[in-house]
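Here the structure comes first, spelled out in structure tokens, and everything after it is commentary.
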Amino acid sequence: MSWIAQQDLLEQPEISHGEVGQALDLASDLVIRNLPAFTRYFPKAYSEGGFYAATENVDWTTGFWTGEVWLAYEHTGKEELLKAGMVQMTSFLERIEQKRDVGTHDLGFLYSPSCVAGYKLTGSEVGRRAALMAAEELTGRFHEKGEFIQAWGALDAGDNYRLIIDCLLNLPLLYWASEETGEERYRAVAEKHIHTALANVVREDFSTWHTYFFDRETGKPDHGATCQGYRDGSAWARGQAWGVYGTAIGYRYTKREEYIAVFEGVTDYFLRHLPQDLVPFWDLEFGDGDQQPRDSSSAAIAACGMLEMAKYLDEERAAYYQGMAGRLMKSLVDSYAVKDGAISNGLVLHSTYSNHSPFNTCNHYGVDECNIWGDYFYMEALTRLHKDWQVYW
Ligand code: GLY
């Protein structure tokens, strides 16, 4: 097994502005092509044989599809996309009003790219109301003992007193809710959670734990564990990518200087553990020569994080991370993106949702397939490269 050398990394080609535009044109066409199937219904979290089946508005992932619809709308201005986005926001409002499948921390993943985005783009009162209700629900998962938002399961369940690194992307919903309402309490929860999360999930070498348990009685940090990574001590590729984007977005809203160093540490760890084509295997333990599936979604998520953080860094460091994002996106566009809707109704191939190993606790599904957040972040990264984008997060 081996990872790319720093010099080779720097020598990889970056995507050009023209290529970004073409890739966005194609992605938007593919999204439009899917509207008849996915307006009242949503794509499932992962494809099977390259094709997403339709699902009701359940699970943690449906917001990404609506996010794709909004990104395609921004790019093309087409009325059919606007209409579809409006229909889907109504579905999100019903979901939170009826409290359907909302017992999770993933409310930010669900409501930021769908309803916050729709509200920002159209001023929709439906989007605003739904997103504020979701933010309220999310604060209900915050534990004072330990100062974190519980990721999964019932709040009184014995075995789930933990946070997971992914939650960093749920926090922008809370920052937005504070900005929107003027109430500081949402932001306070987000700031406590990010502080607890970064103090515990980031290891000394800047690799990251996927999940971290706390003592229910005392709130003290207890131990890290993986769920979707290969083994406890390894770095699950997508967890590391959530760390890259999560620290960038955390800095955006808090301007805490110490998050810059954490961003640089986790990002550099991610970049140092890429294979030659810059699209990671599902766990960063694996490199070229290992017969393991990739997680292309991690590359897209990390690219978004680097492009976000570049806004706040000095010129030299900003150029470095922008260049890295451009290299990752060049590889995704050239070698992973769907070019023909006949082979897949997704946008990006070779992603991994949940790969079982002898050392982890997850079931096996969505391996070497498209997944809907991979498609979304691919479009978001292209949009960020294409223009000065008003973030949905
Ligand atoms: N947040 C769940 C995942 O990244 O698979």
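Given the structure is predicted, the values throughout are model-derived calculations rather than measurements. Atoms within each ligand, like the ligands themselves, are counted from 1 in listed order.
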For residues 197-204, dump all side-chain donor-acceptor pairs below 3.5 Å to protein atoms at least two apart in sequence or in another chain.
residue : atom : partner : partner atom : Å
Asn200  : ND2  : Thr196  : O            : 2.8
Arg203  : NH1  : Ser207  : OG           : 2.8
Arg203  : NH1  : Thr208  : O            : 3.4
Arg203  : NH1  : Gly233  : O            : 3.3
Arg203  : NH1  : Ser234  : O            : 3.2
Arg203  : NH2  : Thr208  : O            : 3.4
Arg203  : NH2  : Asp232  : O            : 2.9
Arg203  : NH2  : Ser234  : O            : 3.0

message: I'd like the residue list for ligand 1, meaning every protein residue with a non-hydrogen atom under 4.0 Å from the ligand.
response: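 Only Trp60, Asp166, Gln228, Trp236, Arg238, Trp242, Tyr353 have heavy atoms that fall under 4.0 Å of ligand 1, ordered by chain and number.
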field: Donor + acceptor pair across side chains of Tyr321, Asp268 (<3.5 Å)
entry: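 Judged by distance alone, the side chains do pair up.
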message: Between Trp393 and Glu308, is there a side-chain donor-acceptor contact under 3.5 Å, judged purely by atom types and distance?
response: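 No, no side-chain donor-acceptor contact under 3.5 Å.
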Glu315 atom CD, over 12 foreign heavy atoms within 6.0 Å: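 At most 12 heavy atoms, drawn from other residues, nucleotides or ligands, come within 6.0 Å of this atom.
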message: If you take the centroid of each ring, where Trp contributes its six-membered ring, are Trp60 and Trp152 closer together than 6.0 Å?
response: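 No: the rings miss the under 6.0 Å criterion.
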message: Both conditions, 6.0 Å and 45 degrees, for the charged tip of Lys44 above the ring of Phe42: are they met here?
response: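 So Lys44 doesn't make the cation-pi contact.
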